[in-house]
Amino acid sequence: MPTILITGGAGFIGANFVRYTAENRPEYTIRVLDALTYAGDRSNLTGVPGRVDLVHGDICDADLVNALVAESDTIVHFAAESHVDNSLDDPEPFLRTNVTGTFRLLEAVRRHDRRLHHISTDEVFGDLPLDSDARFTEQTRYDPSSPYSATKAASDLLVRAWVRSYGVRATLSNCANNYGPYQHVEKFIPRQVTNLLTGERPKLYGEGINVREWTHVDDHNAAVHLILDGGRIGETYLIGSGDERSNRQVLDLVLTLMDRPAGEYDHVGDRPGHDLRYANDSTKLRTELGWRPRYADLADGLAPTIDWYRTNGWWWTGPKEAAEARYRRQLAGR
Ligand code: NAD
Ligand code: TDX
């Protein structure tokens, strides 16, 4: 049985990827490497069918990474510091995990000649104007805005260089904003849903005009498996549902789905350097690999996601208190 090593497999997308793989691809033996930072939780892997071997460790630990890669056939690299607001407050962990961590993994993959898929984001391209139909493509120039996206851009460029210079067998994907179960409560949708569930008013940055392309985590992970199976080595694939909405529209939809009055939210100070709009052209993934989002409409995936947060308060209550304390501290520090 091939062994798949999933870095960051106890975080939001990684844990959903573990679950998706166990349910749909039972031929894989699954191993997770995760540092269990504030964003990772063992319990995210509870109830996954079959056996998942969770190694609690750091992707910057060269010896550990080397040993785990040697024992794996395929590596899918999700591990990262992932939150833009945290990167604005304290960029250093982003440089360490996203840049040095990816470097360590690449060196191990090079030494043992293993297949790597690198998970990245549309944020590496910077942003698009609000009043246009332009979309990012695989050819768009990198132009990151935040410390987070700059470190993700650096990690992508390292992967590309290792492919070209050392013949490493790697593919890359840059996905749009994800949503779904197990997303950390610091992120936009879970933060607002859990605000409403705890009697707090949702918090909209600035006027809420910024646009994101919302993609269900299972659609992201289905794309990753298609790329692992049929993607061309050295190639990048953009992933996105096509469902673009302003933050205000997303919040209005959340309020409607939760039977709350329209406009029940606060405008708060804007994020510094706030990217205006992200939108991916995923034609390459659709035509070459036949990918289609199951949740082409955010509303279809959002309703079950809200239900998940409603029934899993035990999972998010502690992390929410910590995340809201971080937000208060970040606001005071600006
Ligand atoms: P997350 O913050 O929920 O999870 C990150 C995981 O990585 C956590 O389990 C954490 O413990 C682990 N981790 C952090 N530092 C580590 C280290 N040094 N060593 C080992 N493990 C470490 O993030 P997410 O939202 O699931 O994002 C996963 C990946 O997908 C990231 O690479 C991110 O850039 C990318 N991505 C995310 C989105 C999104 O909307 N969330 C969209 C596109 C791409
Ligand atoms: O309380 C909030 N209010 C608000 O208006 C928060 C937390 C966010 N926002 C806005 C900022 C963004 O325009 O909502 C939008 C989405 O914010 P985030 O959930 O922080 O996501 P974003 O910054 O777009 O980045 C996400 O998508 C790309 C992920 O966090 C990244 O890991 C991924 O690479």
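Keep in mind it's a predicted model, so treat the numbers as computed, not measured.
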Please, which pairs that meet salt bridge (Lys or Arg N to Asp or Glu O under 4.0 Å) have at least one residue in [range], sequence neighbours excluded?
range	result
residues 218-243	R25-D229, R232-E235, R232-E288, E235-K284, D243-R245
residues 37-66	R31-D53, D58-R96
residues 202-213	K203-D266

Examine H184 together with Y182 and report whether their ring centres are nearer than 6.0 Å.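 No.
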Using ring centroids (six-membered ring only for Trp), state whether H267 and Y205 fall under 6.0 Å. no
When the side chains of residues 256-264 are checked against the rest of the protein, which donor-acceptor pairs come out under 3.5 Å, sequence neighbours left out?
from: T256; atom 1: OG1; to: D252; atom 2: O; distance (Å): 2.8
from: R260; atom 1: NH2; to: L196; atom 2: O; distance (Å): 3.3

Does NZ or CZ of [X] come closer than 6.0 Å to the centre of the six-membered ring of [Y], within 45° of the ring's axis?
X	Y	answer
R326	Y38	yes
R191	Y327	yes
R201	Y265	no

Return the CD1 to CG distance between I75 and L68, rounded to the nearest 0.5 Å.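 Answer rounded to 0.5 Å: 9.5 Å.
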d(H83 NE2, K187 NZ) to nearest 0.5 Å is 6.0 Å
Students should find that the hydrophobic cluster of Y237, defined by side-chain heavy atoms under 4.5 Å apart, otherwise consists of L226, I227, I239, L285, L289, W291
Is there side-chain contact between [X] and [Y], with heavy atoms separated by less than 4.5 Å?
X	Y	result
L204	V268	no
Y179	L298	yes
H117	S173	yes
E186	N86	yes
H112	N66	yes

Might you point out which heavy atoms bring G240 and R286 nearest each other, and give the distance in Å? O-NH2, 3.0 Å
If you compare all heavy atoms of A279 against all heavy atoms of E244, which two are closest, and at what distance to 0.1 Å?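 Looking at all heavy atoms of both residues, the shortest contact is CB-OE2, 3.4 Å.
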Exam field: side chain [X] to backbone [Y], donor-acceptor pair closer than 3.5 Å:
X	Y	result
W316	Y309	yes
R294	H216	no
N247	I209	no

Under the salt bridge (Lys or Arg N to Asp or Glu O under 4.0 Å) test, residues paired with R292 that sit two or more places apart: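 R292 satisfies salt bridge (Lys or Arg N to Asp or Glu O under 4.0 Å) with no other residue.
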Ring pair (Phe, Tyr, Trp, His ring centres under 6.0 Å) evaluation trace for F17 with H225: CA-CA 9 Å; F17 184 79; H225 271 295; 4.7 Å; yes
Kindly assign one of parallel, tilted or perpendicular to the pair F94 and Y148, based on the angle between their ring planes and the thresholds 30° and 60°. perpendicular
Look at the aromatic rings of Y142 and F125 and report parallel, tilted or perpendicular, splitting at 30° and 60°.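 Y142 and F125: perpendicular rings.
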Under a 4.5 Å side-chain heavy-atom rule over Ile, Leu, Val, Met, Phe, Trp and Tyr, are F12 and I30 clustered together?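 Shared cluster, yes.
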Find out if a path of hydrophobic residues (ILVMFWY) with successive side-chain heavy-atom gaps under 4.5 Å connects L33 to V109.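 Result: yes, single cluster for both.
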Salt bridge or not between [X] and [Y]? Use side-chain N to carboxylate O under 4.0 Å.
X	Y	answer
E107	R104	no
D85	R271	yes
E23	R19	no

Do you see a donor-acceptor pair shorter than 3.5 Å between the side chains of S120 and K152? no
